[in-house]
Structures are given as C-alpha cells and as structure tokens.
Amino acid sequence: MDAVRSRVMDWKWSALMISNCDLVVKRDEYARADIPEYWIVEPRLRTVTVLVLEDGEYKRRGVFAAGEQAVSEVIEGFAVDVAALFVDA
C-alpha cells in the first residue's frame, strides 16, 4: 500500500465541468508541475482519457469507454473499469 500511496502524487484525475478549463488551463498547469500522468473523466461521454507527460507536453495514451479498463502507465498495476465510474444511481 505504501508503494501505491507514494506514486499517487505522480497521478492526477479530473472530471470535466462545463468549461474547457480541464482541457487547456489545468493541462498546462499540471505539465508545469511535472505531473507525469493526467486522467480526464468525461461524465457526459462516459469516457476516461489517459494522458502521459513527455518532453513537457501531455501525449494521449488512449480514450477508454464502458467495457474497457483505463490503465495507468505511472502506477504499476493500477487500472479502472470505466463502466464502474458511471453506474447510474
């Protein structure tokens, strides 16, 4: 558990709101902060976009939807079942 906890600081996720703040402003802020991995959770589309920092810029590793697992490249063994994120209450 301690190994995972120490890696959490290398990973960031964000749920998109109405504005493009997450796609532009936060993305730039996280890159300047050297956060190696950034996930964008898009509730309306029910997707997770995984971005990895390379040479100071985020590169998209994939867009994952229901039926898929979003997989971290930073935290070994960490994956999320995308469908489970969007279970209707």
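This structure is a prediction, so every number in the text was calculated from the model and none was measured.
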A.B. asks: So, for Gly56 and Ala31, which heavy atoms are closest and what is the spacing to 0.1 Å?
C.D. replies: O-CB, 3.7 Å
A.B. asks: Measuring from Leu51:CG to Arg61:CZ, what's the distance to the nearest 0.5 Å?
C.D. replies: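 Taking CG in Leu51 and CZ in Arg61, the distance rounds to 9.5 Å.
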A.B. asks: Report the residues that fulfil side chain to side chain donor-acceptor pair (under 3.5 Å) with Arg46, sequence neighbours left out, ordered by chain and then residue number.
C.D. replies: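 In terms of side chain to side chain donor-acceptor pair (under 3.5 Å), with neighbours along the sequence ignored, Arg46 is linked to Asp88.
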A.B. asks: Kindly give the heavy-atom pair with the smallest separation between Val82 and Ala70, and that separation in Å.
C.D. replies: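 Closest approach of Val82 to Ala70, heavy atoms only: CG2-N, 4.0 Å.
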A.B. asks: Between Leu53 and Asp34, which heavy-atom pair has the shortest distance, and what is it?
C.D. replies: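 So the two residues come closest at CD2-CA, 3.7 Å.
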A.B. asks: Could you state whether Val71 and Phe78 fall into the same hydrophobic cluster, counting links through intermediate Ile, Leu, Val, Met, Phe, Trp or Tyr residues with side-chain heavy atoms under 4.5 angstrom apart?
C.D. replies: no
A.B. asks: Using ring pair (Phe, Tyr, Trp, His ring centres under 6.0 Å) as the criterion, list what pairs up with Tyr58, not counting sequence neighbours.
C.D. replies: Tyr38
A.B. asks: Establish, yes or no, whether a centroid distance under 6.0 Å links the rings of Phe64 and Trp39.
C.D. replies: no
A.B. asks: Are any side-chain N or O atoms of Glu37 and backbone N or O atoms of Glu73, one a donor and one an acceptor, separated by less than 3.5 Å?
C.D. replies: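 A pair under 3.5 Å: yes.
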A.B. asks: May I have the step-by-step check of side-chain contact (heavy atoms from CB on, under 4.5 Å) for Leu85 and Val80, ending in yes or no?
C.D. replies: CA-CA 8 Å; Leu85 294 175; Val80 173; 3.8 Å; yes
A.B. asks: Is it true that Arg27 and Glu29 make a salt bridge, defined as a side-chain N closer than 4.0 Å to a carboxylate O?
C.D. replies: no
A.B. asks: So which heavy atom on Thr47 is nearest to which on Ala65, and how close?
C.D. replies: CG2-CB, 4.3 Å
A.B. asks: Write down the atom of Gly67, the atom of Ala83, and the distance for their closest heavy-atom approach.
C.D. replies: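 Minimum heavy-atom separation between Gly67 and Ala83: N-CB, 4.3 Å.
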A.B. asks: Do you reckon Val74 sits in the same ILVMFWY cluster as Val41, going by side-chain contacts under 4.5 Å, direct or chained?
C.D. replies: yes
A.B. asks: Can you confirm whether Gln69 is buried at CD, in the sense that more than 12 heavy atoms of other residues, nucleotides or ligands lie under 6.0 Å from that atom?
C.D. replies: yes
A.B. asks: CD of Glu42 to CZ of Phe86: how many Å apart, nearest 0.5 Å?
C.D. replies: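 Answer rounded to 0.5 Å: 8.5 Å.
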A.B. asks: Are Arg60 and Thr49 close enough, and set up right, to give a side-chain contact (heavy atoms from CB on, under 4.5 Å), and what steps lead you there?
C.D. replies: CA-CA 7 Å; Arg60 186 168 48 187; Thr49 301; 3.7 Å; yes
